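Counting starts at 1 for both ligands and their atoms, following the listed order. All figures in this text were calculated on a predicted structure; none of them were measured in a lab. Both backbone and side-chain heavy atoms feed into the values below; hydrogens, waters and symmetry mates do not.
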Amino acid sequence: MAALVPFSLLRNYSPFMLARPFIVKGCNLNFSKSVLPLPCRRLPFSARATHDEQAAAKAAAATADSGAPTIFDKIINKEIPSSIVYEDEKVLAFRDINPQAPVHVLVIPKVRDGLTELAKAEARHGEILGQLLYAARIVAEKEGILDGFRVVLNSGPSACQSVYHLHLHVLGGRQMNWPPG
Ligand code: 5GP
């Protein structure tokens, strides 16, 4: 029997969750598939961070500087599946497991090199930061959203960053609102 899981709890992912199907607001998400079915990428999206998200962000921040691998290392090493949209020597872009828009792609450096968050950036990171931004543009073109898309980078617990491997969110396919939550 499939489990009923509140949408916000999906942020508390684990590799275990990736292997099991869940029902989310009537939508069957089988994370063992590398590509989410399209209807599941068009859920109603919440702009407000929940208490769960803030708590998870604080917990993630507590171990951010431990140097331990993150879930993104497992994705880079293909130890867990992801839906890859774009890849080159330095950058990997894949669909977010908990999409906040019809198009929601994460763009990450393949080598973290101390970039757990933007707040940790140094002058030597300038080149890879530019490459990430350009990769976001490539993703937007591939996804057909060049007419309007948003790039988000959450840095630190107050911004609800939950994975401490710097990443850009590329969001689009719906009208974006301003100000963001
Ligand atoms: P942050 O909250 O740190 O800015 O963003 C982290 C993002 O990573 C979240 O949007 C979350 O949904 C996504 N994410 C976390 N774990 C996984 C995973 O295992 N696979 C994929 N594709 N996305 C993930």
Provide the number and element of each atom of ligand 1 under 4.0 Å from a heavy atom of [X].
X: Phe72; answer: 8 (O)
X: Ile71; answer: 16 (N), 19 (O)
X: Leu106; answer: 7 (C), 8 (O), 13 (C), 23 (N)
X: Asn98; answer: 12 (O)
X: His169; answer: 1 (P), 4 (O), 5 (O), 7 (C), 10 (O)
X: Phe94; answer: 21 (C), 22 (N)

Please check this pair: side chain of [X] against backbone of [Y], looking for a donor-acceptor N/O pair closer than 3.5 Å.
X: His104; Y: Ala101; answer: no
X: Arg174; Y: Gln100; answer: yes
X: Glu53; Y: Thr50; answer: yes
X: Ser83; Y: Arg95; answer: no

Report yes or no: does a heavy atom of [X] sit under 4.0 Å from some atom of ligand 1?
X: Gln100; value: no
X: Val152; value: no
X: Lys74; value: no
X: Tyr164; value: no
X: Cys160; value: yes

Would you say [X] and ligand 1 have an N/O pair spaced under 3.5 Å apart?
X: Gln161; value: no
X: His104; value: no
X: Val163; value: yes
X: Ser82; value: no

So, do [X] and [Y] sit near enough that their side-chain heavy atoms are less than 4.5 Å apart?
X: His167; Y: Gln161; result: yes
X: Lys110; Y: Glu87; result: yes
X: Phe94; Y: Ile75; result: yes
X: Leu153; Y: His169; result: no

Q: Using heavy-atom distances, let me know which of Ile97, Ile108, Val105 sits nearest atom 17 (C) of ligand 1.
A: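 The nearest heavy atom belongs to Ile97.
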Q: Check each of Leu166, Ile80, Asp96 against atom 11 (C) of ligand 1 and report the one with the nearest heavy atom.
A: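 It is Asp96 that holds the nearest heavy atom.
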Q: Quick one: do Ile84 and Lys78 satisfy side chain to side chain contact (heavy atoms under 4.5 Å, CB included)? Show the steps, please.
A: CA-CA 10 Å; Ile84 294 174; Lys78 314 279 196 292; 3.8 Å; yes
Q. Any idea which heavy atoms bring Ala61 and Tyr164 closest together, and the distance?
A.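 Heavy-atom minimum between the residues: CB-OH, 3.4 Å.
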**Q.** Steps toward side chain to side chain contact (heavy atoms under 4.5 Å, CB included) verdict (Tyr86, Glu143)
**A.** CA-CA 10 Å; Tyr86 172 76; Glu143 294 293 302; over 6 Å; no
